[in-house]
Amino acid sequence: MPISRRDFLKVTGAGLGALALPAAPVSASTTEIATDATASMLYDSTICVGCRACQVACKRRAGLPPDVDPSGLYEMPHDLDSKTWTIIKLYKDQNSDSFVKNQCMHCIHPACVSVCPVGALEKLESGPVIYHRERCIGCRYCMAACPFSVPKTEWEKPLPFIQKCDFCADLQANGEQPKCSEACPTGALIYGTRKAMLDIARGRLVGEGNYVQHIYGEKEAGGTSMVYISDLDFTKLGFPEQSDVSLPDITWPYMQGTLGVIGVMVTLSTAIYLRTHRKDKNGNNGNNGSNGNNQPPKGKEA
Amino acid sequence: MAVRLGEIRLRRYPLGPGMILVWVLAALGMGVAVYRWIYGLGATTNLSDGRPWGLWISFDMMSGIGLAAGAFTVAAVVYIFNLKKFYPIVRATILTGFISYTLAALTLMVDLSQPQRIWHLIIYWNIHSPLFEIGWCVMLYLTVLALEFSPVLFDALNWKVPLKIIRAITIPLIIAGVTLSTMHQSTLGTMLTILPDKIHPLFYSRLFPLYFYLTAIAAGLAMTVFESFHSSRTYGYPFEIKMLSKLVKGIPWVLGIYFVIRLAELFITGKYLYLLQGGAPAVMFIIEMVGGVLVPILYFSDPNTRNDVHGITWGAFFTMGGLILNRVNAALIFMDGSFYLPSWQELAVTVGLTCLGLIMFDAAVRFLPMFPEPTPKAVKRL
């Protein structure tokens with residue numbers, strides 16, 4: 001009887017969130033954005049032919065070096081890394097096969113943006129999650145916190161930066177579409193507003209084809225800008241079983257509680273101090289065995 | 001009388017094999033750290049894209065700061081609760097705290113990809129980030145600890161004016177220390193709450209902040225026992241068993257509350273099914289909860305073991321081990337990611353920094369009036 005972690009966390013979240021957290025209603029902790037209008041991409045794995053034009057276009061635009069073999073010949077990268085922001089992979093078993101594209105999911109409520117201590121990651125109102133390398137201190141909390149393990153770092157360098165897909169934010173700002181969707185010859189990867197992408201996805205799910213009745217990214221981690229449909233189970237395509245919780249909303253109430261902690265601790269400590277030191281005002285100096293070397297607490301001098 | 005700097009003669013520094021080893025390991029660790037700064041993390045560690053945090057974060061940072069909680073607990077007990085009978089261990093405890101936090105900061109300098117930019121924490125703010133809060137708290141608390149410890153130095157140098165100033169602000173300093181510690185000890189737990197799908201449910205909890213705070217208090221108190229054990233064995237100070245056994249009486253209460261809440265959570269949420277499933281997570285969970293929580297509770301509730309030098313020391317070791325296991329389980333072993341074993345370089349830095357801490361503690365005990373009344377034995381050795 002395998003237990004799905006996902007089911008458990010729903011229970012855990014509901015039951016214990018109430019126990020531990022301040023009762024204040026939780027609002028989106030990162031930039032409030034109009035989810036429907038945000039930039040988005042739909043990847044339909046049933047249409048993708050695995051030509052990897054998107055992968056090549058991405059490397060060219062981002063100026064990422066190619067993977068090479070010892071003799072300098074170009075090779076295929078085999079996973080997302082500091083030199084590869086997007087990659088096409090193939091799932092294959094006896095009865096079925098399917099390509100799948102990986103890149104940053106550009107979460108609606110990105111964990112990476114909320115955990116970065118120096119604000120090196122930013123969620124743009126238009127959709128992309130971008131990285132300001134001039135701020136980064138390299139704590140790698142974004143790598144640990146990302147539910148999709150997308151941020152990668154340049155391990156081979158003495159002073160590594162984070163590398164990840166930026167959704168071609170600069171091109172989008174000029175009204176252009178990202179290079180990967182522009183390069184896709186089959187329409188497996190299309191670009192538009194999130195509402196438009198979800199509408200198309202829902203239309204396909206009820207139409208022809210043998211689709212799994214699930215849009216991956218619609219709700220996962222509180223929703224992502226990249227959404228996926230497929231005729232194969234998403235776990236087979238390497239997607240994590242992700243709860244629908246918006247991750248920054250877990251930590252934000254605790255962070256908001258910080259001021260309360262300060263207030264309570266200062267008040268409590270002062271109150272206890274005043275109470276335990278009341279006697280001393282009557283000249284009862286209970287300083288046990290202190291000498292010139294023994295620093296007495298304040299109020300004990302005199 | 002206090003031992004003044006002028007009265008201390010250095011020529012009897014005991015260069016035994018143990019101390020030589022400590023110096024060699026510390027030097028090796030520092031050497032490896034310098035190598036790592038020149039050649040990078042990839043060349044020296046087993047960290048990878050699938051395992052961005054390793055030994056340094058889970059052990060040196062998370063466990064190290066947890067074990068240093070004794071500094072604020074004992075300070076609160078003595079200065080806020082006015083239980084002056086515990087005064088004799090205050091200085092050593094605050095020193096241990098100061099050293100531990102210094103080591104944590106040094107570890108961070110080794111672990112960060114861009115260590116030269118650590119000051120960015122001061123100018124770039126993200127109040128949503130638990131790590132931002134921890135960074136600030138550690139910076140401020142290191143300052144507080146340095147000030148709390150400074151009277152010992154002023155005392156040794158016989159500087160009257162700074163001593164007077166510090167004494168005037170002692171209580172506000174202690175309250176600041178207690179508050180900052182409460183904040184960052186619990187926020188270290190908050191840091192991991194954002195990983196609900198990556199940490200195994202037996203070890204993940206939305207109550208991480210509470211758990212981290214409670215276990216830090218218990219292990220911090222246990223650490224004071226270890227310090228006294230170390231000081232008595234190495235420097236001939238008396239092992240203040242009577243006082244310590246009163247201090248550790250608090251541990252069963254703190255760990256008891258923790259134990260009950262964590263078990264209640266297990267059953268309320270249904271996560272106990274993972275225990276029935278067995279496997280490594282279940283075994284480690286049981287080892288952690290029995291060895292690191294239940295055993296210390298038993299050791300410290302029983303007056304016979306509590307008042308026995310061996311009993312209290314073993315109880316302290318189990319408590320400290322429990323905290324370390326708890327942090328390493330949550331932040332490393334049962335966090336999803338690539339297979340990882342620390343490289344020898346990572347181990348060398350960890351061991352080296354620990355040895356550096358021992359050297360610092362040793363230097364302070366030898367050259368500063370760490371314990372209010374120097375024992376005859378200690379005076380004779382000096």
For this session: Tell me whether the centres of the aromatic rings in Tyr141(B) and Phe72(B) are closer together than 6.0 Å.
Result: no

Exercise. Checking Phe81(B) against chain A: side chain, backbone, both or neither under 4.5 Å from a heavy atom?
Worked result: both

Exercise. Side chain, backbone, both or neither: which part of Leu47(B) has an atom under 4.5 Å from a heavy atom of chain A?
Worked result: both

For this session: Select one option (side chain, backbone, both, neither) describing which atoms of Trp53(B) are under 4.5 Å from chain A's heavy atoms.
Result: side chain

For this session: Among Cys116(A), Ser149(A), Ala145(A), Gly119(A), single out the residue with the greatest number of heavy-atom pairs under 4.5 Å to chain B.
Result: Cys116(A)

Exercise. Side chain, backbone, both or neither: which part of Lys157(A) has a heavy atom under 4.5 Å from chain B?
Worked result: backbone

For this session: Name the region of Leu112(B), side chain, backbone, both or neither, that has any atom closer than 4.5 Å to a heavy atom of chain A.
Result: both

Seminar exercise, completed: Rounded to the nearest 0.5 Å, the CE atom of Met183(B) sits from the OG1 atom of Thr258(A) at a distance of 5.5 Å

Seminar exercise, completed: Looking only at Thr270(A), Val261(A), Thr251(A), Leu268(A), most heavy-atom pairs under 4.5 Å shared with chain B are made by Thr251(A)

Problem set entry | Leading residue by heavy atom contact count with chain A [cutoff under 4.5 Å; candidates Gly135(B), Gly50(B), Ala176(B), Ser48(B)] | Ser48(B)

Exercise. For Tyr254(A) and Thr187(B), does a side-chain donor sit closer than 3.5 Å to a side-chain acceptor?
Worked result: no

Problem set entry | Trp136(B) versus chain A, the contacting section by heavy-atom distance below 4.5 Å | neither

Exercise. Is the gap between the ring centers of His132(A) and Tyr124(B) under 6.0 Å?
Worked result: no

For this session: To the nearest 0.5 angstrom, please state how far the CG atom of Leu121(A) sits from the CD1 atom of Ile130(A).
Result: 9.0 Å

Exercise. How close do Asp155(B) and Arg91(B) get, heavy atom to heavy atom, and via which atoms?
Worked result: OD2-NH2, 3.6 Å

Problem set entry | Minimum side-chain heavy-atom gap Phe334(B)-Leu202(B) below 4.5 Å | no

Problem set entry | Selection from Ser129(B), Pro209(B), Gly42(B) maximising heavy-atom pairs under 4.5 Å formed with chain A | Ser129(B)

For this session: Pick whichever of Glu156(A), Glu154(A), Met265(A) has the most heavy-atom pairs under 4.5 Å with chain B.
Result: Met265(A)

Exercise. Is the closest side-chain donor-acceptor distance between Ser246(A) and Asp249(A) under 3.5 Å?
Worked result: yes

For this session: Quick one: which of Met335(B), Arg36(B), Gln116(B) has the most heavy-atom pairs under 4.5 Å with chain A, could you say?
Result: Gln116(B)

Seminar exercise, completed: So, the part of Ile174(B) with a heavy atom under 4.5 Å from chain A: the answer is neither

Problem set entry | Test item: Asp49(B) side-chain N/O and Lys152(A) main-chain N/O as donor-acceptor pair under 3.5 Å | no

Exercise. For Pro130(B), is it the side chain, the backbone, both or neither that has a heavy atom under 4.5 Å from a heavy atom of chain A?
Worked result: both

